[in-house]
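One structure is given here, and the rest of the page talks about it.
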Amino acid sequence: MELLIDCDPGIDDAIAIAYLAGEQQVGRVSLTAVTTVRGNLDASTSGRNAAFVLDRLGLQHVPVLRGAADPLTPLATQVDAEAFHGPDGLGGCHDHAHPDRSESDTPLAVLRALLRAVETGHTLLATGPLTNVALALRAAPELASSPNRIVVMGGAFGSPGGNITPTAEYNFHLDGLAAAEVATSGAPITLIPLDVTERVLISHADLAGLPESPVGHLVRRLLEASIHIHQREMGISGCIMHDALAAAVSVDPTLVGCTPGYLHVVPDGDDRGRCELAPDTEGPVDVALDVDVERARSVILESLSRL
Ligand code: RIB
Ligand code: CA
């Protein structure tokens, strides 16, 4: 399965990319391109971190295209997730001496990459704010009629379900307007919200299975940093695999149980990013509200153990 990931590395985005690299080693995935977006930190950090992680994974041939520098949602009320990912976005694991090969292409080049990927049957996985995806849909509305599902990590339906406001998840809050446009575009989306991601954690004990390789050491450092941050910020003893779960669902949709329907996202205001689902078997959005936690943890750890 050929796949393009649009992301905002961030530690959990980096783990999702590492998971995909492990899947690529056994031929289940071919990672064809990475596009990046402003999210956890600024757009240049996202691009630099994606390129760094890919290079360390031996995926120097995978292009990294930096996309939108700013969300569609007005910046006045923007946030960042430095508290959860550290100033370098990778929990202190970035090597500042590593050359940044990410291409600061025009957003149009990113859109073309996204469009070409979906038009040619690739799976599109989005693990950051949906700015690039929304811009691609604006440029080519026909993207929404592609049969290829777009797997999106974002949103929350619990109460209170949010992780950046009581009702909103970070990706959907940072660019509420983009999330709202993508949600109602008619595109076939599989949505992986906090309701399932917050149930899939990696603990210190799980790190024993990581390989004693240079890549294994990098993944271990990323996870150790994330576990430390989760303990400090949330008081939990493990790190949440938001993006790695979305990546794993891209490979094996049976990991989650979905409810089909029509999705509405509040585009702006105090409630920006809040989600509402109108269940309907005809709806284009499948929202994952159940997950096989142990199987999801197992497939993520198994893939990381191959690196
Ligand atoms: O709310 C979690 C999501 O926001 C994850 O994708 C994380 O990387 C951040 O982008
Ligand atoms: Ca992310």
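We count ligands from 1, going down the list as the structure has it; atoms in each ligand are counted the same way.
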Exceeds 12 heavy-atom contacts within 6.0 angstrom, atom CD of Glu282: no
Where Pro267 and Ala180 come nearest, the two heavy atoms and their spacing: CB-CB, 3.9 Å
Distance-minimising heavy-atom pair for Gly10 and Asn40: CA-ND2, 3.5 Å
Test ring pair (Phe, Tyr, Trp, His ring centres under 6.0 Å) applied to His228 - qualifying residues, sequence neighbours left out: none
Neighbour count >12 (heavy atoms, 6.0 Å) for atom CG, Asp270: no
Apex the Ca ion (ligand 2); atoms Asp13 OD1 and Thr127 O; angle rounded to 10 degrees: 140°
Glu224/Arg221 ion pair, N-O < 4.0 Å: no
Short N-O contact, Glu212 and Arg220, less than 4.0 angstrom: yes
N, O or S atom of Asp8 closer to the Ca ion (ligand 2) than 3.0 Å: yes
Which pairs of N or O atoms, one from ligand 1 and one from the protein, are separated by less than 3.5 Å, and what is the distance for each pair?
residue: ligand 1; atom: 1 (O); partner: Asn163; partner atom: ND2; Å: 2.9
residue: ligand 1; atom: 1 (O); partner: Glu169; partner atom: OE2; Å: 2.6
residue: ligand 1; atom: 4 (O); partner: Asn171; partner atom: OD1; Å: 3.2
residue: ligand 1; atom: 6 (O); partner: Thr127; partner atom: O; Å: 2.9
residue: ligand 1; atom: 6 (O); partner: Asn171; partner atom: ND2; Å: 3.1
residue: ligand 1; atom: 6 (O); partner: Asp243; partner atom: OD1; Å: 2.6
residue: ligand 1; atom: 6 (O); partner: Asp243; partner atom: OD2; Å: 3.1
residue: ligand 1; atom: 8 (O); partner: Asp12; partner atom: OD1; Å: 2.5
residue: ligand 1; atom: 8 (O); partner: Asp12; partner atom: OD2; Å: 3.2
residue: ligand 1; atom: 8 (O); partner: Asp13; partner atom: OD1; Å: 2.9
residue: ligand 1; atom: 8 (O); partner: Asn40; partner atom: ND2; Å: 3.1
residue: ligand 1; atom: 8 (O); partner: Asp243; partner atom: OD2; Å: 3.1
residue: ligand 1; atom: 10 (O); partner: Asp8; partner atom: OD1; Å: 3.3
residue: ligand 1; atom: 10 (O); partner: Asp8; partner atom: OD2; Å: 3.0
residue: ligand 1; atom: 10 (O); partner: Asn40; partner atom: OD1; Å: 3.4
residue: ligand 1; atom: 10 (O); partner: Asn40; partner atom: ND2; Å: 3.4
residue: ligand 1; atom: 10 (O); partner: Asn171; partner atom: OD1; Å: 2.8

Atom of Asp243 nearest the Ca ion (ligand 2) (restricted to N/O/S, atom name only): OD2
